[in-house]
Amino acid sequence: MAENVRTGRCVVAVDGPSGSGKSTVSRRLATQLAARYLDTGAMYRAVTWAVLRSGVDLTDPMAVAKVAAEADLVIGTDPAGYPVTVDGVGVEAAIRGPEVTRAVSAVSAVPAVRALLVARQRDMITTAGRIVVEGRDIGSVVAPDADLKVYLTASAHARARRRSAEDASDVAATAADLARRDRLDSTRAADPLRQAPDAVELDTTELGIDEVVARLRELLNSKGIE
């Protein structure tokens, strides 16, 4: 894909809770912009996988931070498909499993882990130059100077329905898990989930993916960015 990436800086920060459509929208937007794509959530999930593999106590921040610092994490930035490896092991499927999902909020709350990954994310953004980045603190912490900041949201029911359709889980159980993660992510001391003051909020409850992407393209065009 590298030969097709356009020149000219363009950083789009897409934040929001789980199930709001961030991943699908961000990847499709990156493809249309001929830009790179970074799933920061996958980075936290990969570190969580490493922590679980190590067997350290999730409530021991120093032990968790040590595992994170020593893990050799590699993540691709091609929106068509990006490998995620930890110490040379492909973990793309494993990091989406229930065990990692249950633990990722706790690992992500460790300040040293966030500092480590935020530094990595900023380096990747600088190197790419033209990139769509999704997560929970992109516009507020990782890339506060992004050209466009968007906060995607949706009703609790819509988010649960979308997520349960992805992993064939029970909608009620999924809704409860999303509420748990929202609470943990929004109340953590380090870089909590929140909308950047200058981010555009977009409710995706009644919108299809193409409609959301079209709205973002309109916002970019209004800023003179193509």
Side-chain angles (χ1 to χ4, degrees), residues 1-46 73-85 92 95-96 117-154 158-159 162-163 166 191 193-226:
M1 175 183 168
E3 64 274 17
N4 296 323
V5 176
R6 301 172 189 169
T7 57
R9 180 183 183 278
C10 176
V11 178
V12 180
V14 182
D15 291 305
S18 298
S20 57
K22 297 191 307 294
S23 296
T24 305
V25 166
S26 297
R27 292 177 69 174
R28 193 166 299 183
L29 179 63
T31 298
Q32 291 188 14
L33 296 177
R36 292 294 177 180
Y37 160 73
L38 180 58
D39 179 355
T40 64
M43 297 177 73
Y44 286 101
R45 284 175 171 272
L73 168 62
V74 178
I75 183 170
T77 57
D78 187 338
Y82 53 98
V84 184
T85 65
E92 294 93 340
I95 64 175
R96 304 299 175 183
L117 293 187
V118 166
R120 284 281 307 276
Q121 291 156 14
R122 287 173 174 166
D123 287 344
M124 295 175 75
I125 292 170
T126 298
T127 299
R130 190 174 183 87
I131 189 169
V132 178
V133 190
E134 62 139 312
R136 284 166 166 69
D137 63 346
I138 310 306
S140 58
V141 176
V142 179
D145 60 345
D147 299 283
L148 174 64
K149 302 178 189 178
V150 182
Y151 189 87
L152 299 186
T153 186
R159 292 167 53 212
R162 292 169 183 171
R163 184 51 54 87
E166 292 175 0
D191 306 336
L193 165 66
R194 68 175 185 272
Q195 180 178 342
D198 53 346
V200 176
E201 181 174 336
L202 183 57
D203 189 325
T204 67
T205 302
E206 302 296 335
L207 298 176
I209 298 299
D210 289 336
E211 292 177 293
V212 177
V213 173
R215 297 277 184 91
L216 302 191
R217 293 293 301 272
E218 290 173 0
L219 290 170
L220 283 169
N221 288 336
S222 70
K223 294 174 175 289
I225 301 171
E226 183 58 53

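Worth knowing before you read on, the calculation uses all heavy atoms, side chains too, and leaves out hydrogens, waters and symmetry mates. One is the number of the first residue; the rest follow in order along the sequence.
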Q. Glu92: what forms a side-chain contact (heavy atoms from CB on, under 4.5 Å) with it, not counting sequence neighbours?
A. Pro83, Val84
Q | Side chain to side chain, Asp210 and Arg28, heavy atoms closer than 4.5 Å | A | yes
Q.
With heavy-atom distances below 4.5 Å as the criterion, would you say the side chains of Val150 and Val25 are in contact?
A. no
Q. Taking side chain as C-beta onward, heavy atoms only, is Leu38 less than 4.5 Å from Ile75?
A. yes
Q) Taking C-beta and beyond as the side chain, do Leu219 and Leu202 meet within less than 4.5 Å on heavy atoms? A) no
Q) Taking all atoms of both residues into account, what is the closest heavy-atom pair of Ser26 and Glu134, and its distance? A) OG-CB, 3.5 Å
Q | Partners passing side-chain contact (heavy atoms from CB on, under 4.5 Å) against Val74 (at least two apart in sequence or in another chain) | A | Asp72, Thr85
(Q) Could you report the tightest heavy-atom contact between Ala143 and Lys149, atom names first, then the distance? (A) O-CE, 4.1 Å
Q. Under 3.5 Å, side chain of Arg122 to main-chain N/O of Val142, donor-acceptor pair present?
A. yes
Q: Please tell me if the side chains of Asp39 and Lys22 come closer than 4.5 Å, counting only heavy atoms from C-beta onward.
A: no
Q. So Glu211 and Thr204, side-chain contact (heavy atoms from CB on, under 4.5 Å) or not? Walk me through it.
A. CA-CA 9 Å; Glu211 292 177 293; Thr204 67; over 6 Å; no
Q.
For the CG atom of Asp147 and the CD1 atom of Ile131, what is their distance to the nearest 0.5 Å?
A. 12.0 Å
Q. Looking only at atom types and distance, does a side-chain atom of Arg120 sit under 3.5 Å from a main-chain N or O of Met43, one as donor and one as acceptor?
A. no
Q. Any idea which heavy atoms bring Gly16 and Ser20 closest together, and the distance?
A. C-OG, 4.0 Å
(Q) Could you report the tightest heavy-atom contact between Leu220 and Leu29, atom names first, then the distance? (A) CD1-CD1, 4.4 Å
Q) Looking at OG1 of Thr77 and CD1 of Ile125, how far apart are the two atoms once the value is rounded to the nearest 0.5 Å? A) 11.0 Å
(Q) Treating Asp15 as the side-chain partner and Asp137 as the backbone partner, does any N or O pair qualify as donor plus acceptor under 3.5 Å? (A) yes
Q.
If I take atom OG1 from residue Thr40 and atom CZ from residue Arg45, how far apart are they, to the nearest 0.5 angstrom?
A. 11.0 Å
**Q.** Contact summary for Tyr37 and Ala30, nearest pair of heavy atoms
**A.** CB-CB, 3.9 Å
(Q) Could you tell me if the side chain of Leu152 sits less than 4.5 Å from the side chain of Val14, heavy atoms only? (A) yes
Q) What is the minimum heavy-atom distance between Val200 and Gln195, and which atoms define it? A) C-NE2, 4.5 Å
Q.
Rounded at 0.5 Å granularity, tell me how far CZ in Arg215 sits from CD in Glu218.
A. 7.0 Å
Q. Between Arg27 and Pro79, is there a donor-acceptor pair closer than 3.5 Å when you use the side chain of the first and the backbone of the second?
A. yes
Q.
Contact between Val133 and Gln121 at the side-chain level, heavy atoms closer than 4.5 Å - yes or no?
A. no
